[in-house]
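First up is the structure itself, then whatever we jot down about it.
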Amino acid sequence: MATRPLADDALHEECGVFGVWAPGRDVARLTYFGLMSLQHRGQESAGIAVGDGGTVMVRKELGLVSQVFTDADLAALPGQLAIGHVRYGTAGAKSWEAAQPHLSTINDVIIALAHNGTLVNTDELRRQLIDLGVRFLSNSDSEVAAKLIGYFTQKTRHLREGIRKTMELVRGGYAMALINEQALYAFRDPYGIRPLVLGKLPEEGWVVASETCALDIVGATYVRDIRPGEILRISAEGLVSEQGVAPEQESAECIFEQVYFARPDSIMAGKSVYACRYDMGRRLAQESPVEADMVIGVPDSGLPPAEGFARESGIPFGEGLIKNRYVARTFIQPTQELRAMGVRMKLNPLRDNIAGKRLVVIDDSIVRGTTMMQLVRMLRQAGAAEVHVRINSPEVVWPCFYGIDTDVQAQLISANKTVDEIRAFIGADSLAFLSVEGLLACMPAIGEELPGGTSRGYCTACFTGVYPVAVPESFGRDKFMPGYDPFNMTEPVRLPRDVVVAKDRDHSWEAAHGEA
Ligand code: SF4
């Protein structure tokens with residue numbers, strides 16, 4: 001993985017997905033609006049694919065949603081159903097080919113796929129598909145999924161069977177939206193690691209999206225989450241649900257959505273992300289109190305926990321940092337000059353508010369520590385008398401393999417230093433992290449029974465090293481430092497050449513409606 005610029009010392013969500021089935025509506029424009037509200041999940045590329053009953057068209061490009069699509073582009077994408085995607089890619093994969101949706105055309109099967117997450121076992125599957133004559137444009141795991149689905153669909157003549165076969169083979173975190181000419185599909189990995197929700201438009205029509213904020217913008221009402229392992233098909237025949245693969249006994253939803261990735265106005269597991277972060281701040285104040293004059297949050301995700309910390313501690317909440325909202329990272333290269341400007345590109349202190357005060361500074365996480373070090377220095381230069389840093393998540397010690405761009409473990413400061421060493425490195429007067437138990441206590445609906453006899457749980461692997469999905473050694477080993485290797489690895493996956501439609505499943509719906 002490439003070195004990040006200093007001003008970009010953070011974890012990154014790798015994608016947001018959106019899908020809509022709404023004949024008679026301007027589906028490309030609805031998707032555009034949906035993607036605008038998911039822009040925080042990925043700023044490197046954006047794309048929309050539209051199905052018009054006869055074919056599937058895709059437009060995708062590097063850049064923000066507003067940079068990629070003009071009015072004319074949207075007008076040139078008529079149809080009844082659409083999917084969209086925003087992407088944050090790792091530094092080595094910023095290419096048009098890696099942008100999504102991925103189009104797969106194998107013989108007469110044409111599909112477009114939008115994926116949020118990471119598949120951990122696609123190297124071998126890609127090699128086997130190449131041996132079978134399938135062409136690839138990128139090295140992306142999502143393209144392997146698109147080609148696998150296309151491959152199985154043209155073998156079985158059933159798209160849902162193609163999806164199901166693919167779900168049986170791939171491992172990792174995925175929330176996917178897919179279209180062919182007539183139908184929208186949405187499906188999620190058996191642990192439900194990455195989020196995906198279903199919404200209903202006021203008149204005829206359905207929406208799927210990574211977060212509920214994307215339902216709000218198009219006027220859709222939240223119906224429910226797509227369930228772990230479920231496949232939804234939405235078409236003129238209505239909405240059909242089936243279990244693509246069995247869900248795991250306990251789901252493992254990414255806890256970092258509530259900490260940092262999701263928008264505060266989104267609802268996850270029945271609780272607003274804002275309320276979750278507020279509660280984390282309250283809990284942090286209980287666990288790690290400090291005497292101070294003002295609580296400030298690092299915008300944006302540090303603001304709700306700062307309010308919660310202030311409420312619980314009785315220390316006044318105040319604005320201490322102003323964020324420049326127009327620094328789009330998409331085209332900013334990590335030049336020496338920009339590195340020198342560092343965090344000032346994004347944040348500037350409110351000197352009048354903080355001068356002479358003992359500050360509690362709340363942020364969502366510390367990854368390398370370089371950003372927090374600059375921030376503390378900046379606050380001291382602006383006149384802060386003391387700087388006490390409080391983090392509303394536990395220490396990030398382990399890399400993520402399920403759709404989040406984390407550094408190799410050697411770059412994670414918490415894997416290398418004690419809390420007091422980190423405090424000294426960032427130059428703070430005190431430093432504390434929320435405990436894992438404290439974080440879990442703020443999460444909604446833990447243990448809630450989900451349809452299919454499973455219960456709701458959360459992935460905490462980047463804090464605890466307890467990985468819900470085993471990762472092939474070839475994929476993950478070089479991310480760990482010696483002595484930190486937690487592997488319990490899987491066997492390689494074989495791609496069956498003779499595809500047989502499972503006999504124990506009822507395909508009468510497809511037979512009746514001619515699904516392909
Ligand atoms: S390892 Fe961390 S960031 Fe990755 S899915 Fe699990 S909780 Fe989320």
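Atoms within a ligand are numbered from 1 in the order they appear, just like the ligands themselves.
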Atom 6 (Fe) of ligand 1 to Cys254: any N/O/S contact under 2.8 Å?
no

Specify whether Tyr467 and Trp398 have parallel, tilted or perpendicular ring planes, treating 30° as the upper limit for parallel and 60° as the lower limit for perpendicular.
perpendicular

State the atoms of ligand 1, each with its element, that fall below the 4.0 Å cut-off from a heavy-atom position in Cys462.
1 (S), 2 (Fe), 3 (S), 7 (S)

Are any N, O or S atoms from Cys400 nearer to atom 8 (Fe) of ligand 1 than 2.8 Å?
no

Carboxylate-amine/guanidinium proximity below 4.0 Å for Arg171 and Asp189:
no

Would you kindly check if the NZ (Lys) or CZ (Arg) of Arg126 is within the cone defined by 45 degrees around the ring axis of Phe136 and under 6.0 Å from the six-membered ring centre?
yes

Show me which atoms of ligand 1 lie under 4.0 Å from any heavy atom of Ala461.
1 (S)

Validation row, ring centre Tyr278 to ring centre Phe309 under 6.0 Å:
no

